[in-house]
Amino acid sequence: MTAPSFWLHTLGPVTPRPPLDGDADVDVAIAGGGYTGLWTAYYLSQLAPHLSIAIVEAEYCGFGASGRNGGWASGLFPVPEAKLARRYGASRATAMHAALADAVDEVGRAAAAEGIDCDYAKGGTITLARTPAQLRRQQGSAGFVDAAEASAICGATGVLGGVYSPDCAALHPAKLVRGLASVVEQRGVAIYEGTRVQRITRGQIVTDHGTLRAGTVVRALEGYTARLAGHRRALAPVYSLMIATKPLPESDWERIGLRRRETFADERHMIIYGQRTADDRLAFGGRGAPYHFGSRIEPSYDRVPAVFDSLRDTLTEMFGIKPEIAYRWGGPLGIPRDWMPSVGLTDGFGWAGGYVGDGVAAANLAGRTLADLIAGNRSDRTALPWVGHRSRRWEPEPIRWVGINAALHATNLRDALERPRAS
């Protein structure tokens, strides 16, 4: 068990649901109690209410990335639209990005309809350019704004411009996942927590508490997929770490801005991401923690003091403040070899994931898509380019360890070379 994220901490102690009690038969069995599994159950219970559905979760719903992420429900997709267009055609690429933009709104709509108060605020997102190299990459991009307009949204230091998109909402991710779990349970979906999946084969999910037999099984384990027998090289678990400040005074917010709770980042190569929380904290995260040999996942990997210190220093450099840090946490996310998320259903086996850290809205779209596929509905969603996509497996060790960590070091070096030198 890891130390809880700020998000989970605000909700108080978790009382896990009972585990699976021996073997059972259902129509649809889902491995994973995060956004993907829960949204799939939510929409499928509406499309096909006659189906019996069960979810098995190793810890508790929201223990993984769904309860620890940066709280961005964004229309971002890790594969650029131009690259998707070359591979699948312009119309399908445009449809993919439009569907993700719609998913941002759908998350808010569904939460409101179900009475889930998850601090949803659709203020959009701003990616700042704060070095000449970053500015060159942004100029000509859709949504580009000049320094004055970018600074009016997010009052960071040294802003030269930015790219603004309306397709993002800030939210409290743990409130969303915990609320969603309660809703699907009320709809008759069985949720078994404290039940670790050991193996998924055609027609069954084998756990440490029994076997779920089903006509359709769904793998929705995201960063924890590597723990599953036979799936170690499907997705690489790469860690992202976060900090949350104590609530900041109004004088700081007058300078920082983010008045509509816009999410923010900048154009550096090593990803950073932040939001203004509903209680006026800065919740801020970034990559940079090492990949661990053999795709290992351990609670101790959630805490890397050097990365936490770097995140705090970045906030100080960006906003000219020295905030007191109240929470530090982290966790793994799932990265496919080609950075292409996917969703699909073949011969009774369904899967979704590989969101590369942008899974809050994408998991909602994946859940709706899986529900369509399982119910046998043809829709615009089932024709999207990520449906049925198969990424090639990651290389075996030690090649995987060397390659991923070398890429991390190279990314840090590129950012260092782009920083203006003091005169």
Side-chain angles (χ1 to χ4, degrees), residues 69-78 80-81 97 100-105 107-108 119-173 240 242-245 248 250 252-278 280-287 311 313-321 323 356-362 415 418-420:
N69 64 78
W72 289 37
S74 80
L76 297 172
F77 194 67
E81 189 168 347
H97 283 267
L100 281 167
D102 173 73
V104 176
D105 293 326
V107 169
D119 301 338
Y120 181 96
K122 191 184 178 187
T125 189
I126 183 77
T127 302
L128 303 169
R130 300 176 59 244
T131 71
Q134 293 177 5
L135 182 64
R136 286 193 295 272
R137 285 199 295 276
Q138 285 193 347
Q139 286 176 325
S141 300
F144 179 76
V145 296
D146 63 19
E149 191 170 349
S151 295
I153 297 171
C154 182
T157 60
V159 172
L160 304 176
V163 172
Y164 174 79
S165 169
D167 298 323
C168 190
L171 53 75
H172 188 303
S240 196
M242 290 198 70
I243 57 176
T245 69
L248 300 181
E250 184 57 33
D252 284 343
W253 287 117
E254 287 175 3
R255 296 196 324 278
I256 296 171
L258 305 175
R259 292 170 183 83
R260 297 189 302 134
R261 291 188 56 214
E262 297 93 342
T263 63
F264 68 93
D266 70 15
E267 193 66 32
R268 71 185 68 195
H269 300 286
M270 186 65 77
I271 293 172
I272 60 169
Y273 49 92
Q275 69 147 291
R276 178 179 183 171
T277 67
D280 287 336
R281 303 170 189 264
L282 277 170
F284 187 68
R287 312 284 165 80
L311 291 172
D313 292 346
T314 300
L315 281 183
T316 296
E317 185 270 329
M318 287 186 76
F319 297 115
I321 59 175
V356 195
D358 283 309
V360 179
D415 284 331
E418 288 184 358
R419 292 189 195 105

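As the structure is a computational prediction, the values presented were derived from the model and not from experiment.
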Original post:
Heavy-atom distance under 4.5 Å between the side chains of Cys168 and Val104, does that happen here?
Top reply: no
Original post:
Can you list the residues that meet the side chain to side chain donor-acceptor pair (under 3.5 Å) rule with Thr277, with sequence neighbours excluded?
Top reply: Asp279
Original post:
Residues two or more places apart in sequence or in another chain: which of them pass side chain to side chain donor-acceptor pair (under 3.5 Å) with Arg130?
Top reply: Thr157, Asp266, Glu317
**OP:** Using the test side chain to side chain contact (heavy atoms under 4.5 Å, CB included), find all partners of Ala129 that sit at least two apart in sequence or belong to another chain.
**Re:** Gln134, Leu135, Gln138
Original post:
Is there side-chain contact between Val360 and Pro173, with heavy atoms separated by less than 4.5 Å?
Top reply: no
Original post:
Under the criterion side chain to side chain donor-acceptor pair (under 3.5 Å), which of Arg136, Arg268, Arg137 is the partner of Glu418?
Top reply: Arg137
Subject >> Leu311 vs Ile243 side-chain heavy atoms within contact, under 4.5 Å >> reply: yes
**OP:** Give me the ring orientation class for Phe264 and Phe284: parallel if the planes are under 30° apart, tilted from 30 to 60°, perpendicular past 60°.
**Re:** parallel
Original post:
Roughly how far, to the nearest 0.5 Å, is the CG atom of Asn69 from the OG atom of Ser240?
Top reply: 9.5 Å
Original post:
Which pair of heavy atoms, one from Trp72 and one from Ala265, lies closest together, and at what distance?
Top reply: CH2-CB, 4.1 Å
Original post:
What pairs with Arg255 under side chain to side chain donor-acceptor pair (under 3.5 Å), at least two apart in sequence or on another chain?
Top reply: Asp252
**OP:** Drop me the distance from Gln139's CD to Leu160's CG, to the nearest 0.5 angstrom.
**Re:** 9.0 Å
Original post:
Got a second to check how far Gln275's CD is from His172's NE2, nearest 0.5 Å?
Top reply: 9.0 Å
**OP:** Please check if the side chain of Thr127 supplies one atom and the backbone of Glu267 the other of a donor-acceptor pair under 3.5 Å.
**Re:** no
**OP:** Check side chain to side chain contact (heavy atoms under 4.5 Å, CB included) between Pro166 and all other residues, then give those that pass, not counting sequence neighbours.
**Re:** Tyr164
Subject >> Donor-acceptor pair, side chain of Asp415 and main chain of His269, under 3.5 angstrom >> reply: yes
Original post:
How long is the span from the CE atom in Met318 to the SG atom in Cys154, to the nearest 0.5 Å?
Top reply: 5.5 Å
Original post:
Can you tell if the side chain of Thr125 reaches within under 4.5 Å of the side chain of Glu262, non-hydrogen atoms only?
Top reply: no
Show every donor-acceptor pair shorter than 3.5 Å between a side-chain atom in residues 143-153 and any protein atom, with sequence neighbours excluded, or say none if there are none.
| from | atom 1 | to | atom 2 | distance (Å) |
| --- | --- | --- | --- | --- |
| Asp146 | OD1 | Ala148 | N | 3.3 |
| Asp146 | OD1 | Glu149 | N | 2.9 |
| Ser151 | OG | Ala147 | O | 2.9 |

Subject >> Distance, nearest 0.5 Å, that separates OG of Ser74 from CG of Asp167 >> reply: 9.0 Å
Original post:
So do the side chains of Val107 and Leu171 get within less than 4.5 Å of each other, counting heavy atoms only?
Top reply: yes
Original post:
What is the minimum heavy-atom distance between Asp105 and Lys122, and which atoms define it?
Top reply: OD1-NZ, 2.8 Å
Subject >> Pairwise side-chain contact, Thr316 with Ile321, heavy-atom cut-off 4.5 Å (strictly under) >> reply: no
Original post:
If you look at every heavy atom in Ala362 and Asp358, which pair is closest and at what distance?
Top reply: CB-O, 3.5 Å
Original post:
So do Asp119 and Arg261 actually touch side chain to side chain, heavy atoms under 4.5 Å?
Top reply: yes
Original post:
CD/Glu250 to CD1/Ile256 distance, rounded to the nearest 0.5 angstrom?
Top reply: 10.0 Å
Subject >> Heavy-atom pair of closest approach, residues Leu315 and Leu282 >> reply: CD2-CD1, 4.1 Å
Original post:
Short question: side chain of Trp253, backbone of Asp280 - any donor-acceptor pair under 3.5 Å?
Top reply: yes
